[in-house]
Student: 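Got a structure here, written out as structure tokens. Questions coming.
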Protein chains: 2
Amino acid sequence: MMKQGVNVMPDRNCRGRPWLHGKFKGCGYRLTMGREAILGVLSKHAGHLSAEDIYMKVHPGHPNVGLTTIYRTLDVLSNLGLVYKLDFGEGRARYELAQGPKGAHHHHHLVCTGCNKIIDYTDFIDEEVELLKETERGLSRKYDFNITNHIIQFYGLCEKCKGKK
Amino acid sequence: MMKQGVNVMPDRNCRGRPWLHGKFKGCGYRLTMGREAILGVLSKHAGHLSAEDIYMKVHPGHPNVGLTTIYRTLDVLSNLGLVYKLDFGEGRARYELAQGPKGAHHHHHLVCTGCNKIIDYTDFIDEEVELLKETERGLSRKYDFNITNHIIQFYGLCEKCKGKK
DNA sequence: CTGTTATTGGAAACCATTTTCATTATAAAA
DNA sequence: TTTTATAATGAAAATGGTTTCCAATAACAG
Ligand SMILES: [Mn+2]
Ligand SMILES: [Mn+2]
Ligand SMILES: [Zn+2]
Ligand SMILES: [Zn+2]
């Protein structure tokens, strides 16, 4: 019912997510109502949302935004590097903001194969980062590869699921 | 047109893949023609085969084995831990023998996002294994998780693809 | 061999994601 | 503000890997 229009005021009013606006405009993308709604959902809720999760959260306030637009927008965001597309082997992709407004950073995942619970972890990241850099350097040299990205996921059973047989 | 029947001789004759036979029988699975053919393809060709890849390799010798059986058998093998089901983000699963007959071991993957080339690497695995163990121990304790598995993949451009703009 | 039942092939179903295309809305120009 | 070019959209249909169904078949214990 309100705040559905594009923000018409000058740039200094872009508190909240200035970079998103900038990226969009700067790359020739139009900042639409649907896209703003999707960005809103992504920044409001902690990550790991599926396209349909996002659709269902956007829908109440924007019943005219279709699932197709969710997919298309996530694709754009993903290509812009603003969103990570994640695969936890469930047969559907999940998405999370590359950097939360309050500065969430790169992290890896712990996935429970029992209940699909997903834990973000940044612990041990110091040692990991060190070895990762070393490994990437070695692999790049050895295989003449230009490494841009990596996936590290640990699978197992969470404290609840490890009890059940 | 030969060796299509189940091996009727006693167990010492199971040269080649004794464990596979043993696992199958031991778990109550029947060792069928189709399953043997699939195992044959998996052990003959280096990993990273899709279900359809396998189907096409099995088909000439066994035109009566359907794609459905390929999927079902891969599922069984995967649950028995004899085969790894891999996902390189192509929208289809790929499979590789957990342990090749000549003793191929656990390894990680380097994936080219340009041409989908996949490189197995075991280099640097000493340091990786060390850190992995340490990380797993820490994560297990901190999150009360029972870690059974991990995925580590590096993405980038291979020497051929990094040239193209 | 025979009987039990795990396994099979083929067709249909499934289901997340993509494509198509006519319509609409954004943002720049006038 | 009005006009204009075209990026973006929604709905429906298509796609494509994987699963499910089910009647027919084959593995193998006895
Ligand atoms: Mn996360
Ligand atoms: Mn491999
Ligand atoms: Zn769990
Ligand atoms: Zn390549």
Side-chain angles (χ1 to χ4, degrees), chain A residues 4-11 21-39 48-56 58-59 62-80 83 85-95 116, chain B residues 4-11 21-39 48-56 58-59 62-80 83 85-95 116:
Chain A
Q4 62 179 358
V6 173
N7 193 333
V8 201
M9 303 181 206
D11 48 15
H21 287 238
K23 274 269 189 175
F24 262 110
K25 297 292 188 66
C27 297
Y29 293 106
R30 293 179 181 175
L31 190 48
T32 67
M33 195 177 77
R35 286 173 174 173
E36 273 210 306
I38 293 166
L39 287 171
H48 317 146
L49 297 167
S50 68
E52 197 171 356
D53 287 341
I54 295 169
Y55 174 75
M56 293 197 296
V58 164
H59 196 68
H62 303 268
N64 46 337
V65 172
L67 226 204
T68 309
T69 291
I70 309 284
Y71 276 109
R72 279 188 288 226
T73 301
L74 288 170
D75 204 46
V76 170
L77 289 168
S78 180
N79 288 332
L80 289 178
V83 153
K85 183 176 184 179
L86 309 170
D87 182 342
F88 299 120
E90 308 165 276
R92 81 189 54 194
R94 292 188 174 275
Y95 302 82
N116 280 329
Chain B
Q4 62 178 355
V6 173
N7 192 334
V8 201
M9 305 180 204
D11 48 15
H21 287 237
K23 274 268 189 174
F24 261 109
K25 295 295 189 61
C27 297
Y29 293 107
R30 294 177 182 176
L31 188 48
T32 67
M33 194 178 76
R35 284 172 176 173
E36 272 210 305
I38 293 167
L39 287 171
H48 317 147
L49 296 168
S50 68
E52 197 171 356
D53 287 342
I54 296 169
Y55 174 76
M56 293 198 295
V58 164
H59 196 68
H62 304 268
N64 46 335
V65 173
L67 226 205
T68 308
T69 292
I70 308 285
Y71 277 109
R72 278 187 291 227
T73 300
L74 288 170
D75 204 46
V76 170
L77 289 169
S78 179
N79 288 332
L80 290 178
V83 155
K85 184 177 184 178
L86 309 171
D87 183 341
F88 299 120
E90 308 164 276
R92 81 188 58 191
R94 293 188 173 275
Y95 302 82
N116 279 328

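What you see below is based on every heavy atom in this structure, not just the backbone, and it leaves out hydrogens, waters and symmetry mates.
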Student: Given atom CG of B:Asp53 and atom P of D:dT18, what is their separation to the nearest angstrom?
Tutor: 11 Å
Student: If the cut-off is 4.0 Å, is B:Arg92 near the phosphate of D:dT18, judged by side-chain N/O to OP1 or OP2?
Tutor: no
Student: For A:Leu31 and D:dA8, what is the distance between atoms CG and P respectively, to the nearest whole Å?
Tutor: 11 Å
Student: Give the minimum heavy-atom separation between A:Tyr29 and A:Arg35, together with the two atoms involved.
Tutor: CB-NH1, 3.7 Å
Student: Please determine whether a side-chain nitrogen or oxygen atom of A:Tyr71 lies at a distance below 4.0 Å from atom OP1 or OP2 of C:dT17.
Tutor: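 The answer is yes; a side-chain N or O of A:Tyr71 sits under 4.0 Å from OP1 or OP2.
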Student: Determine the minimum heavy-atom distance between B:Tyr55 and B:Val65, stating which atoms define it.
Tutor: CE1-O, 3.3 Å
Student: From CG of B:Asn64 over to P of D:dA27, roughly how many Å is that when rounded to an integer?
Tutor: 11 Å
Student: Would you say a side-chain N or O of B:Arg30 is under 4.0 Å from OP1 or OP2 of D:dA26?
Tutor: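 No, because none of the side-chain N or O atoms of B:Arg30 sits under 4.0 Å from OP1 or OP2 of D:dA26.
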Student: Expressed in angstrom and rounded to an integer, what is the separation of B:Asp75 atom CG from D:dT19 atom P?
Tutor: 6 Å
Student: Between B:Arg94 and B:Asp53, is there a side-chain heavy-atom distance shorter than 4.5 Å?
Tutor: yes
Student: If the cut-off is 4.0 Å, is A:Thr32 near the phosphate of D:dT9, judged by side-chain N/O to OP1 or OP2?
Tutor: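 So the side-chain polar atoms of A:Thr32 do come within 4.0 Å of the phosphate oxygens OP1 or OP2 of D:dT9, strictly under.
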Student: Atom NZ of B:Lys25 and atom C1' of C:dT7: how far apart are they, to the nearest Å?
Tutor: 15 Å
Student: Can you find a heavy atom in the side chain of A:Lys85 that is under 4.5 Å from one in the side chain of A:Leu74?
Tutor: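 No, their side chains stay 4.5 Å or more apart.
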Student: From CD of A:Glu90 over to P of C:dA16, roughly how many Å is that when rounded to an integer?
Tutor: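 Between P of C:dA16 and CD of A:Glu90: 11 Å.
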Student: Judged by each residue's nearest nucleotide on DNA chain D, which is more toward the 5′ side, B:Tyr29 or B:Arg72?
Tutor: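 The residue mapped nearer the 5' terminus is B:Arg72.
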Student: Whole Å only: how far is the CD1 atom of A:Ile38 from the P atom of D:dA8?
Tutor: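 Distance, rounded to whole Å: 12 Å.
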Student: Side chains of A:Leu67 and A:Ile70: does their closest heavy-atom pair fall under 4.5 Å?
Tutor: yes
Student: With nearest nucleotides of DNA chain C determined for B:Gly28 and B:Leu67 from heavy-atom distances, which residue corresponds to the more 5′ nucleotide?
Tutor: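 Comparing both residues, the 5'-ward one is B:Gly28.
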Student: Once you round it to whole Å, what is the distance between P of C:dT8 and CD of B:Glu36?
Tutor: 12 Å
